[in-house]
Amino acid sequence: MIERKKMHLKNMVCPRCISAVELVMEKLEISFVNLELGEIDLKHVIDDELRQQLNVALEEIGFWLVDDHKSRIIVQMKI
């Protein structure tokens, strides 16, 4: 069984955002099952070092990983 993990992103508002995040994921060779506004469903859990690299790459293009529950709910409501 493949363990999956959902990650939530802040500031994704359009299909171009999805394309930009998809390019970052491909560059870092992070496999994902689904990518939609505000959410990535990863194929595998990633380690802390790769997560940090992802966070830096996303911040460079204006997106942020959302970790806490309250912020995730706010992001989901905005979408």
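Quick note: numbers below take in every heavy atom, side chains included, and nothing from hydrogens, waters or symmetry partners. The first residue in the sequence is number 1, and the count goes up from there. The structure presented is a predicted model; accordingly, all values stated were derived computationally and were not measured.
Taking each heavy atom of N11 and C17 in turn, the nearest pair found is O-SG, 4.1 Å. Annotation for I40 and F32: closest pair CG2-CB, 3.9 Å, computed over non-hydrogen atoms.
Put simply, the side chain of M12 reaches to within 4.5 Å of the side chain of F63, judged on heavy atoms. In this structure, the side chains of L54 and M25 come closer than 4.5 Å at one or more pairs of heavy atoms.
Partner of I18 under the side chain to side chain contact (heavy atoms under 4.5 Å, CB included) criterion, chosen from V13, L23, L9, L35: L35.
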### Task
Starting from the C-alpha separation in whole Å, work towards a yes-or-no answer on side chain to side chain contact (heavy atoms under 4.5 Å, CB included) for V33 and L42.
CA-CA 6 Å; V33 177; L42 298 176; over 6 Å; no

* Asked: Could you walk me through whether E39 and M7 pass the side chain to side chain contact (heavy atoms under 4.5 Å, CB included) check?
  -> CA-CA 6 Å; E39 188 174 280; M7 300 179 87; over 6 Å; no

* Going through the distances and angles, do L65 and R51 end up as a side chain to side chain contact (heavy atoms under 4.5 Å, CB included)? -> CA-CA 9 Å; L65 290 176; R51 182 183 173 85; 4.2 Å; yes

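Following chains of ILVMFWY side-chain contacts shorter than 4.5 Å, one can reach L58 starting from L50, so the two form part of one hydrophobic cluster. Linking ILVMFWY residues whenever their side-chain heavy atoms come closer than 4.5 Å, directly or via other members, leaves L28 and V56 in distinct clusters.
For the atom pair CD (E29) and CD (Q53), the distance works out to 10.5 Å, reported to the nearest 0.5 Å.
Remark: the E36 side chain and the N34 side chain contain an N/O donor-acceptor pair separated by less than 3.5 Å.
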